[in-house]
Structures are given as structure tokens and as C-alpha cells.
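Presented below is the structure to which this report refers.
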Amino acid sequence: MRFAARLCLSVAPVLFAVSLITFFAIEVLPGNTAEQLAGVNATAEQIERLEQALQLDRPPWVRYGEWIGGAIVGDLGVSLANRQSVVSLIAERLPVTLALTSFALALALAAAVPLALISVYRPGGAVDRTVAILSMTGLSLAGYVLAPLLILVFAVQLGILPSIGYVPLSDDLIGGIRSLILPATALAVPLLGLYTRFLRGDLLEQIDSHDYMLAAKARGIGPWRALLRHALPNSLFGLMTLVGLHLGALLGGAVIVEQIFALPGIGQLLLQSVNLRDITVIQAIVLLLATATVLANLTVDVLYAALDPRIRHGRA
Amino acid sequence: MPTGRLSSELILSALLVGLMGCSGDSAPASNEVEQSPADGSELTVLLDAGTVGAWPAGLDPATNTTAGFNLTLMNAVFGGLFQLAADPEGSNPRIVGVLAEGYEITNDGRTLVIHLRDSVRFSDGTPLDAEALRFNIERNIAAPCACAPIRWPWAEENRVVIVDNLTVALNFSRPYSAAINGLPVINVNWPASPAALAAMGEDEFRVRPVGAGPFRIVSNQLSSRLELERNPHYWQAGRPLLDRLVFQSIASEQAAYLALLAGDAQVIEGVTSTAIIEQAKAEAGLTVTPQPPTAPYVIQLNTSIAPFNDARAREAIYLATDVEAIRQGLFKGWYPAAESFTGPGGLFHAAEVPGYARHDLDRARALVDEIGGVEVKLGTLQSFVAEQVVTALQSQWREAGIDVSIETVDIGSLIQALRSREWQALLQTVGSYDPESGSGVTLRFGSGQLFSGVADPALDALFADAASATDMHDRDALYTTAAKHISDNRYAPFLFAFSPTQIVTRGVSGPGLTTPIPPIAINTAVHWQDVSLHHQ
Amino acid sequence: MAALDAVVAASPARAAQPAGIALPSGLLCLVAVLCFLVPLVGSLPSPTGGDVLAAGLPPFSNGHILGTDLNGNDVLSRLAYGGRSSLVIALLANLAGLVVGATLGAISAQAGGAVDAVSMRILDAFIAFPSLVLVLVIAQALDASVPGTIVALSCFTIPAFARVARAATLRLREQAFMLAAGLSDAPAWRILAFHVGPNIVPQLTSFLFLGVGISIIVEGALSYLGLGVPPPAPSWGNMIFHGQQAMHSQPSLILLPSLCIFVTVLACNLLADALRRRWTAQ
């Protein structure tokens, strides 16, 4: 209970600050929702009437105050563009983006760890160099270049996977996974390259600089066991940090992949809402992302504390 | 190094093929429903996410601010009182009644009478009668949309009058026979069910509106995916020919094209990219149908500030622009050159304007020298095609000694620039099937208009007279005079009449998809009730 | 057994491995020379203002050894000038990340009692703010431009470096000499500057070179969002973005800039690797 309270106390001010920054960042942008909705060919009176209907003529602090008052009690309001509940708009799309990014992360991590391990086994050897070339190729391929290539090969020429569209996992598990394979791969390949390179480097650094490998040898533990039980957990911590800090870029990549594969995710909603200056939707998404980031950071810190004794133990 | 990339792709392919090889599911992907001869089938239509495929405000005609772009969605759900039809080769365009039976223009052009059909029902079963229509019209006039008929010269009193149970009269304060030509792209054209509106409430009605069109809404994910099924109460027996119609928003024309090839969709509406159109033409399984252009590209020049308050600078722009090179180099000569605000698919078209200042680089250079140099900021909205065009224009104008910088902006910045009157040159499109339809030609050429670079009372008078004249020949003469006036004063050079192309898979056919129909404004209105899909 | 023996026994020998610092540095220098010097010395046509009638020429055409793009501009010239933009943008964005982000991250991790809890929360808020939203807002506020792109990329690199520095500093704190420094009366800034700094710089430098490659690609992705280097000026990223539509008819428009990116990323990675080995061997 106390821990939960402390958690809230540390997270709440961060979220408050984030929402304030967001509000004023959007205020500063040229144009407002009425102008953007009405578009280029509308008349000045139409825009004014729309502004009044949306209550945009009130001063900024009033609008922010109203929003934060609602947000504190859990009412995140309705979209300025279409008056649909913000919560329902996001709930519709969040599972898609979550499924996509989790799938991509899982693919990337599942491949990166073994690849890094086998390249570290004999550094500078043939396997190491091959994996290095592969991961650097992956790193230099943009997701939005890989995506059309994947569609071309697997959807058009081989015809075994769908090119666009999303099937909800809850409706049809196999169909859902099939609709996510290509987008997740397009997202995962650059990540895979990055994680493999990073993990390899980190593992090598540990092998070079820490003497517990020598100590393990002295104790008669084989090289693989030493790698897996001591070097890998430490490097995984670094890798998790890398994953965590790249969440922003991961989401950015997801936005574009969602656009190419026509997946109805959060990314599209965010892009559109920023275009429309639809502040209620933007605030909700920002809060969601910020909360996720803060929680991820906290988790990493907690994990570090948990791993800590083992590190010290390993060095003995 | 390329081998590195190839091998990684091969490995990935092998891995994924291995994964999928055991899936066992070899049926064609996603959306195709099994076809039975008696029923129709399912069609998936891809729309560009930036324009047609964005409906953030919902689909209620009274609140949808982007209805002018979402024409195709509105037509599918609400049918349309009237539509523009043409013969199979695209000739003889005419306004025909769909939900309505017909129209009359009476009272010297001051009254437009709409005759409804007997027993047309909304998809909830309630009747589309004069009362329902009047309710809709009044509601739609006040809509905050460029597609609302606010420019129409409504009469002060009794602007909408119920004549009898199936007849409604619209009264204007002055003759306005052009109203009917613009009606298919105005929200009045899409009546919604008053009963359903009352039952659902305005907010939900935005997402699941009820109309009288060939299809009704199954699910609507705003700006993403609209799923429709056939309307069992549709007035015409045997229509629509499709069982299900799905509109999917997609951001990249390349991805849309690939989806078509993969069989996950059957139609892409409104393709603009030259490279994609060329590939599609070479593909045996696809039908490519260009639409007759009605809205040429124009370079608007702001005549109220420097440098274009000087007529010589404007003339230099005319002379420095090589339309032929752009037409051929960027667009393979597909789109005809334009010298006025009309296109070959529209009314009152004139391909050439006498005295038009065509490309002449030497004279352009001489003029620029005489002025002592010209500096221009050329702006345009973001789009592949527009950016290509302004890039080409920049090269051409630079050869004449004009200093050009390019700005691609989004709508917010454009509106700001327009409001402050700080803009110098803008690449836009102008015109429609009838120069009065939609936002009208005066949007770009009228005095005091936000988006106009011209303030010329003589030109205003010409356009006003042309709008009021009831005789087509009179209107033609007036628009010809107006085009010459614009050309003589060098107000704005025109480039070429551009229109998007429809790409469909073999087996799909329908008016506006596989037959050309001029777009009234921007996009061709497909007659969804007559679209069919036959599996080969 | 053999592997571990090699690891333990062969450290000095490995530092002298052939693919040391020389090769990747040389490669990077070659790329830089090609992009920055050759256009000045050679007689390349201009990267913009090409003749539209000569659009879409394939490689080995007359006068255009790598062909022309969809607007008639010479591809080789665009690769060179585009390389300048891409490299400069990526480098500046990552340097900003290193200087600003790493400082913030190290301070944040070191703070634990020496700095006010409030400032820590502020730093956390900054790090927590979703970079993507910031990038979108910037894309809307500023039109496409080189400075705007650098700022937008910094939105990704600064939090990234901040977190890497934070994690590295946290890991460092447990080491004996750091505990000793903490027990001494040395002020926090001295600890940061002389103890934390030098120890996390190697890891950060490797990260910087990794980041340069990623930034070049992200810059292209920004074109999707309306930011990036404004047309008609080229960058490797926006060449790929614009070349997408001609994927079938002119794959060279995508392949050539991707190749350039690949070579640069390869060089950066090898350099990062070699630096890491050089530093840890010391």
C-alpha cells in the first residue's frame, strides 16, 4: 500500500507536467481545430461558427482547467472533431498497436539473443562476421523500404500473407497473427540489427573487462555456462535499457508501418489528431505513452535492484 | 555488399516461408466472400488517407466537414438525390435523378423544383418524403462545411417550400440555374433519416448515420475503415449489385497498388502517381480508367503585393512556364494543356484562349531584366504530384532569371498565409464541371475572397452574370470572355487539366470506375448501386 | 574451453586485429570526401533544377552515370549532396543528444540525495515525454527545414542518450572507486566530471556511432510526417521516400541511397566496435 502510494506520488507530478507541456505545445501551433476541420475552402463565418460550437473561443487556461478537472476523476472527454468518447476511440485502436509492437519486439529479441551469443562464442570468426553483415544490413534498411519489399514477395508473388488490413486477434487468432507477420517483420528487422550489435558489443565488453570469466574458469565452469549465467543477465539489463529508450522510435516506426499496411492503430489516430489540433485525444494518447514510459523506467530500476546481488556475487 | 542484403533477405524469406508452410490455409486472403450467382459479392475499395480516406468528423451530412472529399462514401450510404451520368465512352454528361425522379427549373431560374420518387425508403424503413427532405435541407444549409450550399443566393423567406408530399421547391433571390449542376456535391444531395437522427442522437448519428443509399453501415472506424452491406429497402429492384462494400483508408499509393496485385482489394479510387499508373497500364489483370479532367492546375499570383502587383512580373511567369515540358516529362502527355479554368470534361470548355502568353524564354528573360529581377516564394499543399510540379516550375523559372524558393505547407500554414495576404504564388486547382459548382471559380478569382489573388470588379461582374444567366449559350459566351480577361491581364497562368485515375481488377465494372464520368469537383462520383464484381 | 582460453589469453593480440580503427575510419573518411569534396572538384551537374524532359533515365545514360530521378535531376549528384545533408544532420542530432542528453541522464542518476527531488522529477518528465508527439508538433510548427529536422531528431536522441547515460551511471555507482568517491567530500559536479564522465564516454561514443546510422534512416521517415529536408534539396532519406513510387520501374532510386546508408552504417558500426575494444583493453 505504501509502495503504491509512493508510486502514485512520483508518477503524478510527471504526468501533470507532461500534460501541461502538451497543452501549450498544441496551443502554439498555427491554426485551430475549427480551421483544420473546415478546410481550405470554407468561409470565415463558417469557421467562426464552428469555433463557437467547439467552444474554442474561451481562454486557454479555462480550457486546460476544464480538461484537467475531468482527467483527475477519470473523464477524458470527447474528441473535438467528432464528439466520440476519447476512451472508446483509443480503446478501439490501442490493441492493434500493442499487438504490432509486442510482436515486433518479441521477434527482434528472440532472434537477437541467439545471434549475439553465437557471434560472441568465437569473436572475429566466420559466424561473427556473417552475423555482423546481416545485422548491419538490417540496421540500414528503413522499415518503410522493407515493408513494400515484403509485401511484394510474400503477398503479391507468393500470395501466402495478406498485404493490408487487420484482423483482431480476439476474432481469429491465426488470421490475426497472419495479418501482423509482415508489419511486425518490417518493424523488427532494423531492431534486430540494433539489438544484435549492441548485445554482442556489451557481451564482449564484459568478457574483456570483467575478470569473473577467469574466475569461472578457475571454478571449472564451462564457457557457455559462464556466458549464460553471468555475462548474459548483465547484458540483458543493458539491452532492456536500450529497448526502453527506443520505445519512442519504435512507436514512430510503428506509425509508418501502420500507415503502409492499413492497420487501425494509435499511430494514425495520433497523426490525425495533431493535424486537427484535437487536444483531448492528443492529451489522452500522450498521457498513455508517458505513463508507459515512466512505468518502463521504474521496472528497469526495480529489475536492476533485483539483479544487483547476482552481479556482485558473480564478481567474487 | 549487395550480396549481404540479398542473403539476409533470403534467410528471412526462408525462415518465414518455413513458418507459414504449415499454416494449411491456402484460400485467397482476407476479404473475398464466396460468390453465389444470385447474390452480389464483396468489394474492397482503397482510398488515399490524406484526402478521400479521411472522415474525422463522421459521416452525418450536416456535420461532416470533409464531405466534399468523402463524396464516394456519402454516395454509397446516402445514394444522392441526383448524380452526374455519362454515356459509356464518357460523352453526353448530364444530371440524372437517382433518389429523386427529376427536377425542374422554373420562375426564370429562381426556383429549383425537386420531384421525389414514390416509396423511397431510408435503410431504417422510414419514407423519404418532402417533409424529410425539407428537414434535411434546412439542417444542411447551416453546416460548417465547404460542401454546404451557403453560396447559393437563397431567398429571404420561404427558401425551402413543400409543394406536395413528393415535391420540394428551393427558392432563390435571383436566377441561379447553375444550382442543379452543383447539387451532386452539396450536402443537400444526401438526405438522412430524421427518425433515426431523433432516435440515436447527434453524436452517435455521426458514426452510424442512416441514409437511403444502396448500402447501409455495418461498422465505421473513422478515417480508417467503413464496412457497408446492401440496403434491403433500396428503391430500385435488383440494386445494388454488390452484397458488401468496404472502404479502406491507406496512406501510400504504392502499398495500395501492391494490395491490388495481391488480391486483398479490388479498387483504388483516385490514383495520382504517374509511376503507379504506368505500371498498372502494363499489368494484364488490371483495368485503368482515367477520368475526364474538369479542374486544371493554376498558378495563383497575388496581385495585391510585390512582385505580382506589377503586370510585367506576371507576364514573365507566363512566358517562363513551359507547360509542354511538364506535361510530357512528368505526366507522359496524359493530361491536356489548359489556358483557362475549364477542362475537357466540363462545361464551357475552351482549349485555347486567343492572346494567351505561351512559353517564350527569351522574352521572359528580357522582361525580368527590365524589371530588375523577380523573387518569388512558390507554395503548394503537400502531395507528390504538386511537389513534382513546383519543382519543375522552379527549374524553369530560374532559367528566366527568376529567383524561386519552394514551400510545401500543410493546411494550417496555408490558411495563415492566406489570411495575412503574405503569399506570392500558389499552385492550386481551379474549376469544376460547372464553373459555379462546388466552391466555384470565384473562390480563386473573386475580389475579397480569402483564397483569391485577384480583385477586379469587371471580372466579378462577368462571373456573376454567368452564374445568373439561364441560357447555356449566354453562359458560355460570358465564361469565354472571363477567360480572355484573365489571360489579357495575366492574372494566373494555367498548366494542365489533371484528374485522378481509377484502377480496378478485372471483373469489376461500374459507372465512374470503368467508364469515365467527369468529376463535378475533384473526384468522380462512382454510381455504387451499379457496380458489379464477377470473379474470373 | 577453447573459446574461454582465447578470450582470457589473447586480449592484447585482439587489439591488433586487422579490422581495427583504421579500416572503418578510412571508410568514413572516404564517404565524407565523396560527399563534401568531389562536388567541389568534379564537374557534377546540379542536384536540383534538372530538366523534366530527361526524367527517369536509367543508370549509364548519356551524361548521367547513375541516371536521373523522377524530376530529371542527376542521381550521382543527389547522392553526393544528399550525403552531406544526411551526415551533417545525423551527426549534429547525435552530438546534441550526447551533450544534452548524457549530461541530463548522468545528473539524474547521480542525483539521489545530492540534488533536489523536484529537479529530478522535471528531468523525468522531460525524459518521459513521448518523442513522437514532440516530433509531430515540431513538424506542424516548423515547415520542413534542416534545422527543424535536427531539432526533431534530437527529440529522439536526447532522451535516448539520457537513459543510456543514466543506466551506465547507475551501473558505475556500484563500483568500488565510485563508492569511495561518494564517501569523500568531493562535490557532486566533480564526481560527475572526473569520475562518471570519463567512464561512460566510451559506451556513449559507441552509442553515438550506432545512432548516426539510425538517424539517417529516421530522417527519411520524417518525410512521411511532413518534416525532413525540404524538397527539392536531396538527402539519402528523402531520396528513398520519393523513390518509393517507382519501386518497380526504377529500383535504383531506392537501392542506391540505401547502399550509401549501408556503407556508412557499416563504417560507423565497425568504428564503434573498434573504439570500444580499444578503450576496454586499456
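Given the structure is predicted, the values throughout are model-derived calculations rather than measurements. Below, read A as the first sequence line, B as the second, and so on, with proteins coming before strands; counting in each chain starts at 1.
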Quick one: of [options], who has the most non-hydrogen atom pairs under 4.5 Å with chain C?
options	result
A:P148, A:P190, A:A292	A:P148
A:N275, A:L288, A:L194, A:L15	A:N275
A:V145, A:L289, A:I256, A:L270	A:I256

**Prompt:** Say you draw a straight line from CG of C:L98 to OG1 of C:T103; how long is it, rounded to the nearest 0.5 Å?
**Reply:**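 One finds 7.5 Å between CG of C:L98 and OG1 of C:T103.
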Relative to chain C, which segment of [X] carries a heavy atom at a distance below 4.5 Å: side chain, backbone, both, or neither?
X	answer
A:L29	side chain
A:L251	both
A:I285	neither
A:L152	side chain
A:I26	side chain
A:I260	side chain
A:T291	neither
A:V255	side chain
A:A290	both

**Request:** Just jot down the side chain to side chain contact (heavy atoms under 4.5 Å, CB included) partners of A:S273, sequence neighbours excluded, or say none.
**Result:**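 Counting only residues at least two positions away or on another chain, A:S273 forms a side chain to side chain contact (heavy atoms under 4.5 Å, CB included) with A:L269, A:D278, A:V281, A:I282.
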**Request:** Please state whether the side chain, the backbone, both or neither of C:I254 comes within less than 4.5 Å of a heavy atom of chain A.
**Result:**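 Just its side chain gets close to chain A.
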**Request:** Name the region of C:V137, side chain, backbone, both or neither, that has any atom closer than 4.5 Å to a heavy atom of chain A.
**Result:**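 Contact with chain A is through both the backbone and side chain of C:V137.
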**chain A contacts, top residue of C:L136, C:V133, C:V135 (heavy-atom pairs, under 4.5 Å)** =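 Looking at each option in turn, the highest pair count goes to C:L136.
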**Under the side chain to side chain donor-acceptor pair (under 3.5 Å) test, residues paired with C:Q250 that sit two or more places apart** =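 Scan of C:Q250 (side chain to side chain donor-acceptor pair (under 3.5 Å), adjacent residues dropped) gives none.
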**Message:** Hydrogens and angles aside, do A:T97 and A:E258 bring a side-chain donor and acceptor to less than 3.5 Å of each other?
**Reply:**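 Yes, a side-chain donor-acceptor pair sits under 3.5 Å.
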**Side chain to side chain, C:L79 and C:P257, heavy atoms closer than 4.5 Å** =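 A side-chain contact under 4.5 Å exists here.
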